[in-house]
Amino acid sequence: MYRLVFTQVLRRFDAEAVHHLTVRALALLSALPLVKRLLHRALAPHDPALRVSAFGVHFPGPLGLAAGFDKDAACAEGAAALGFGHVEVGTITAHGQPGNPRPRLFRLVRERAVVNRMGFNNAGAASAARRLRRVRGVPVVVGVNIGKTKVVPESEAAADYVAGAKELAPLADYLVVNVSSPNTPGLRDLQAVSLLRPLLTAVKEVADGTPRRTPLLVKIAPDLADEDVDAVADLALELGLDGIIATNTTIRHSGETGGLSGRPLKARSLEVLRRLRARVGDRLTLVSVGGVEDVDDVWERLLAGATLVQGYTGWVYGGPLWASHIHRQLSRRIRRHGLTSVTEVIGRTAPGSATAPGPGTRTGTRTGS
């Protein structure tokens, strides 16, 4: 049914207009206590076999919504009610900004891909913080993805990230430093270790100073050379980060300027995941995103060493129940393989990996601040 609606109706409308309409609908759902609770009961992952623990946070299922959809932390509960195991909001900048000129979001339906050059359009950290302080009516793990304000020069980038982190880290179940979007000029230059080290060190000081010590991850681009992937992995270990999210969108494509997501990113995203796992083993939590379309992709990422998996473009083409269906299929597959937990799958094709969750975990559900 959704495929028919998408083909005959949705694809005829501007992609960003449909995106904003969807966010508003989910924000409305988030504001309707009874409806979201009923949907959450029916669609969210509840099977104990799907539970995952990562960097001290409990996740009801491994598949989450990637950053880029809920840019202003407006509809995390609505997305969780539709079946996502966590929602990563953002990218949020310290100061609000309009982003790049429209049009800036394009569907490539035949390739099951999307190109965006949004440019971190959001209302800013203070606005997002007000929403994140609200009491949650359904349990949802919320990660917060922060980026650099466009007008801030590279020399002041660390201070800009710190300003955003101070607002948002106390309200996040985990915090992500995004230095890998191709749509803010010069941002990807910050992936160079010489620039990344002082930036991450400064943000980590903020994250470590929150009442519950907010876990900190860094998100990298698929376009990094292999030796640079290794360098970032080594830096993450050196600084004591909690994990790496791989990967953001790619600029290696023809057509509209911007970052490409979806099916064409699948192979490189998996390749980077495998390289990271070989480099860091199970010492860091690896979150795999890029080209995730179905349960086979989720299963493959888990086998390769990802503890968590994220999708966004797959949801665009798969429909509102996409995450719920994948979690249900994952439950059946776990039992078909004679397993009792999804954690038994993690890293099975990565030699020498440990799959047992660590001690000292805490719930990722907030009841307000």
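Everything quoted here is computed from the prediction, not taken from an experiment.
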Which pairs would a plain distance check flag for residues 123-131, meaning a side-chain donor or acceptor within less than 3.5 Å of a matching protein atom at least two apart in sequence or in another chain?
| unit_1 | atom_1 | unit_2 | atom_2 | d |
| --- | --- | --- | --- | --- |
| S127 | OG | R131 | NH1 | 3.1 |
| R131 | NH1 | D72 | O | 3.2 |

What's the spacing between N145 CG and E88 CD if we round to 0.5 Å? 5.0 Å

Connected via hydrophobic side-chain network under 4.5 Å: L63 and L265: no

Please examine the side chains of I326 and D297, heavy atoms only from C-beta on, and report whether any two atoms are closer than 4.5 Å. no

After noting the C-alpha distance and the side-chain angles of R274 and E300, does the key distance pass the salt bridge (charged side-chain N to carboxylate O under 4.0 Å, His left out) rule? CA-CA 11 Å; R274 287 175 171 154; E300 188 172 34; 3.7 Å; yes

Residues passing the ring-ring contact (aromatic ring centres under 6.0 Å, His included) test with H337, sequence neighbours excluded, are W299

Measuring centre to centre across the rings, with the benzene-like ring taken for any Trp, is H58 within less than 6.0 Å of H86? no

Decide if atom CZ of R102 counts as having more than 12 heavy atoms of other residues, nucleotides or ligands within a radius under 6.0 Å. yes

Kindly compute the distance separating CZ (R110) from CZ (R263), expressed to the nearest 0.5 Å. 12.5 Å

Check this for me: does any side-chain nitrogen of one of D226 and R268 sit under 4.0 Å from a carboxylate oxygen of the other? yes

Applying the 4.5 Å side-chain criterion to the ILVMFWY set and letting contacts propagate, would L237 and V176 be lumped into a single cluster? yes

Residue from D70, V87, L82 passing side-chain contact (heavy atoms from CB on, under 4.5 Å) with C75: D70

From L286 atom CG to L302 atom CG, the distance as rounded to the nearest 0.5 Å: 11.5 Å

Backbone of P222 reached by a side-chain donor or acceptor of T250 within 3.5 Å: no

For the residue pair F69 and T22, establish whether any side-chain heavy-atom pair is separated by less than 4.5 Å. yes

With heavy-atom distances below 4.5 Å as the criterion, would you say the side chains of V142 and V89 are in contact? yes

Ignoring hydrogens and angles, state whether a donor on the side chain of T313 or S261 is under 3.5 Å from an acceptor on the partner side chain. yes

Using side-chain heavy atoms (C-beta onward) and a distance below 4.5 Å, is K219 in contact with I244? no

Tell me whether K266 at atom NZ has more than 12 heavy atoms from other residues, nucleotides or ligands lying less than 6.0 Å away. yes

Verify whether the ring centers belonging to F84 and H327 lie closer than 6.0 Å. no

Quick check on the hydrophobic clustering: are W315 and L21 connected, directly or via other members, by side-chain heavy-atom contacts under 4.5 Å? no

Are L200 and V193 linked, directly or through intermediate hydrophobic residues, by side-chain heavy-atom contacts shorter than 4.5 Å (ILVMFWY only)? yes

Closest non-hydrogen atom pair between S269 and A246, with its separation: OG-O, 3.8 Å

Kindly indicate whether the side chain of L108, heavy atoms from C-beta on, has any atom under 4.5 Å from the side chain of V115. yes

Considering all heavy atoms, the nearest A304-L270 contact: CB-CD1, 4.1 Å

Can you measure from CG (N178) to CD1 (I245) and round to the nearest 0.5 angstrom? 8.5 Å

Using distance alone, with no hydrogens and no angle criterion, decide if K150 and N100 have a side-chain donor and acceptor under 3.5 Å apart. yes

Would you say the side-chain atoms of Q329 and H325 include a donor-acceptor pair closer than 3.5 Å? no

R104/D14 under salt bridge (charged side-chain N to carboxylate O under 4.0 Å, His left out): CA gap, chis, key distance, verdict: CA-CA 10 Å; R104 54 192 181 181; D14 174 74; over 6 Å; no

Would you say that L217 contacts L175 through its side chain, given a criterion of any heavy-atom pair below 4.5 Å between the two side chains? no

Does a side-chain N-to-carboxylate-O contact under 4.0 Å join D242 and R213? yes

Would you check if the side chain of R24 reaches a backbone N or O of L28 as a donor-acceptor pair within less than 3.5 Å? no

Kindly check if the number of other-residue, nucleotide or ligand heavy atoms within 6.0 Å of CD (E205) is above 12? no

Common cluster, L43/L32, ILVMFWY with side-chain heavy-atom separation under 4.5 Å: yes

State, with a plain yes or no, whether a side-chain heavy atom of I146 is found less than 4.5 Å away from one of T91. no

Indicate whether any N or O donor in one side chain lies under 3.5 Å from an N or O acceptor in the other, for N122 and T93. yes

Using 4.0 Å as the upper bound for N to carboxylate O, is an ion pair formed by E77 and K36? yes

Answer whether the closest heavy-atom distance between the side chains of Y161 and V179 falls below 4.5 Å. yes

Flag the pair K148 and D160 as a salt bridge only when some basic side-chain nitrogen lies within less than 4.0 angstrom of an acidic carboxylate oxygen. no

